[in-house]
Structure formats: structure tokens, C-alpha cells
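Here's the structure, in C-alpha cells; my notes come after.
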Amino acid sequence: MPVRTANAEWRGDLKSGSGNVSTETKTLSNTKYNFVSRFEQGDQTNPEELIGAAHSACFSMAFANVLATAGFKVNYVRTTDKVNFEKQEAGFTITKIDMTTEADVEGISEEDFQKHAEAAKKACPISRALNPSINLNLNATLKK
């Protein structure tokens, strides 16, 4: 299996510094991030947003695969992650991710949909990477 590469550079101190992040595919290429975008409200990216993007993409793929493997026709799976980032005694910590996913799947019952959503949460490599340290809460909606 390939090894995926991303890199980041930070210049300056935490509050007045800034950085950029890039991926080997150049999908992100010198994408800017800074203190304001991470700890307040800004228009640049931040690590928690990138974790949410990676996880929601991975989960959507895993869920589609679990459903298709079970014989269902998947029209789409859309997932949104809300990454909760809080100051704790040990420092800033990702405390949980609230996942909301909706899917258009032909011929599936609500019970089977929920069962396969939970299976996908366990099958998703990014979920498994994050799961030991945070709570992953899933809210799955079947669109009909």
C-alpha cells in the first residue's frame, strides 16, 4: 500500500506566526493556516478542519463500500464532521467529533441502514486512527 505524504511549515510564534500545509498530490499546495483560524474565526484552514475533512471523506467511502458489499445500490453518501476542540487542563484537545451522514440508498430498511453505518464507522481507517483518543458520535440519516 502507498504511504501518503503531507507537510506543514510554521513560521514565528504561536499567535503572530503563520504556516502553510501541502499534500503530495498538490490538492493542498501551500494552503495557509494561522492562530486566528484555529483558535478564533478566520478564513484560513486549521488542523482540526483538515482532520474533519479527512475523516468525513474516509467515512463516506467506507460507508458506501459497506453498503455496496451488502448488495445495496448507493446513490450518494454525504458526511459532515464537527470537530470539537477545547482547552483542557493538559492543553487544547480534540474532545469529540460529531458526525452527520446522510445517504441515498435503494431498497434498504432503516434498521439495516443504521447497522451498516455503525459497521462503516468501525471499518473506516481514519475512525480507527482517531477512536482511541476521542469520542466519535454518529448521526446517520437515510434519504428517501
Side-chain angles (χ1 to χ4, degrees), residues 1-70 72 74-105 108-144:
M1 294 300 298
V3 174
R4 303 300 181 199
T5 304
N7 61 70
E9 178 180 284
W10 185 263
R11 292 179 179 259
D13 64 39
L14 178 63
K15 287 194 175 184
S16 64
S18 64
N20 61 64
V21 61
S22 298
T23 59
E24 69 181 298
T25 61
K26 303 296 183 208
T27 301
L28 296 178
S29 181
N30 293 318
T31 301
K32 304 224 178 289
Y33 68 109
N34 62 21
F35 179 89
V36 172
S37 292
R38 187 169 195 194
F39 296 99
E40 298 168 11
Q41 284 295 113
D43 60 359
Q44 297 180 0
T45 194
N46 59 71
E48 293 71 34
E49 179 179 70
L50 296 171
I51 286 173
H55 182 252
S56 61
C58 182
F59 178 80
S60 293
M61 292 174 75
F63 196 12
N65 183 55
V66 166
L67 291 164
T69 300
F72 296 101
V74 179
N75 294 316
Y76 67 81
V77 176
R78 292 184 189 125
T79 305
T80 301
D81 277 19
K82 291 188 177 182
V83 179
N84 293 260
F85 186 57
E86 301 172 12
K87 185 171 186 174
Q88 298 193 326
E89 191 174 307
F92 283 94
T93 303
I94 295 174
T95 56
K96 70 178 175 174
I97 296 175
D98 292 314
M99 302 164 54
T100 302
T101 193
E102 89 176 19
D104 183 353
V105 184
I108 193 169
S109 69
E110 183 68 33
E111 181 180 338
D112 280 345
F113 178 78
Q114 296 298 329
K115 177 181 77 172
H116 291 307
E118 288 299 325
K121 188 172 95 171
K122 292 175 184 155
C124 170
I126 303 293
S127 292
R128 289 195 310 268
L130 296 172
N131 199 33
S133 62
I134 64 170
N135 294 319
L136 288 172
N137 300 315
L138 172 64
N139 175 3
T141 302
L142 174 62
K143 296 297 274 189
K144 293 199 177 210

Indicate the atoms forming the closest heavy-atom contact of [X] with [Y], along with that distance.
X	Y	answer
Ala117	Ala140	CB-CB, 3.9 Å
Ala103	Val77	CB-CG2, 3.9 Å
Gln44	Lys32	CB-O, 3.3 Å
Leu142	Phe113	N-CE2, 3.5 Å
Trp10	Asn34	CH2-CA, 3.7 Å
Ser60	Arg78	OG-C, 4.2 Å

Can you tell me how far [atom2] of [Y] sits from [atom1] of [X], rounded to the nearest 0.5 angstrom?
X	Y	atom1	atom2	value
Ile97	Ser127	CD1	OG	8.0 Å
Ile51	Ile94	CD1	CD1	3.5 Å
Glu48	Asp81	CD	CG	12.5 Å
Asn46	Thr31	CG	OG1	12.0 Å
Met99	Thr79	CE	OG1	6.0 Å

Determine, stepwise, if the pair Phe63 / Val74 fulfils side-chain contact (heavy atoms from CB on, under 4.5 Å). CA-CA 9 Å; Phe63 196 12; Val74 179; over 6 Å; no
Could you tell me if Thr25 and Thr23 have a donor-acceptor pair between their side chains, going purely by distance under 3.5 Å? yes
Distance-only donor-acceptor check, side chains Tyr76 and Glu102, under 3.5 Å: yes
Using the rule given for side-chain contact (heavy atoms from CB on, under 4.5 Å), can you reason through Arg128 versus Lys122, listing the C-alpha separation, both sets of side-chain angles and the distance that settles it, and then say yes or no? CA-CA 7 Å; Arg128 289 195 310 268; Lys122 292 175 184 155; over 6 Å; no
With a 4.5 Å heavy-atom cut-off, do Gln41 and Val36 have their side chains touching? no
Tell me, do Arg38 and Phe85 make a side-chain contact under 4.5 Å, heavy atoms counted? yes
Under a 3.5 Å distance rule, please check whether Glu24 uses its side chain to pair with a backbone N or O of Thr5 as donor and acceptor. yes
Give a yes or no on whether the backbone of Asn139 and the side-chain of Thr141 come within a donor-acceptor separation of less than 3.5 Å. no
Leu138 and Thr101: side-chain contact (heavy atoms from CB on, under 4.5 Å), yes or no, with the steps? CA-CA 8 Å; Leu138 172 64; Thr101 193; 3.8 Å; yes
So if I apply the side chain to side chain contact (heavy atoms under 4.5 Å, CB included) rule between Glu118 and each of His116, Lys121, Gln114, which one comes out positive? Lys121
Just wondering, more than 12 heavy atoms not from Glu86 lying within 6.0 Å of its CD? yes
Verdict with reasoning, Val105 to Ile108, per side-chain contact (heavy atoms from CB on, under 4.5 Å): CA-CA 6 Å; Val105 184; Ile108 193 169; 3.7 Å; yes
Between Glu9 and Arg11, does any side-chain N to carboxylate O distance fall below 4.0 Å? yes
Check side-chain contact (heavy atoms from CB on, under 4.5 Å) between Lys15 and all other residues, then give those that pass, not counting sequence neighbours. Asp13, Phe35
According to side-chain contact (heavy atoms from CB on, under 4.5 Å), who are the partners of Leu50, at least two apart in sequence or on a separate chain? Val21, Leu28, Thr45
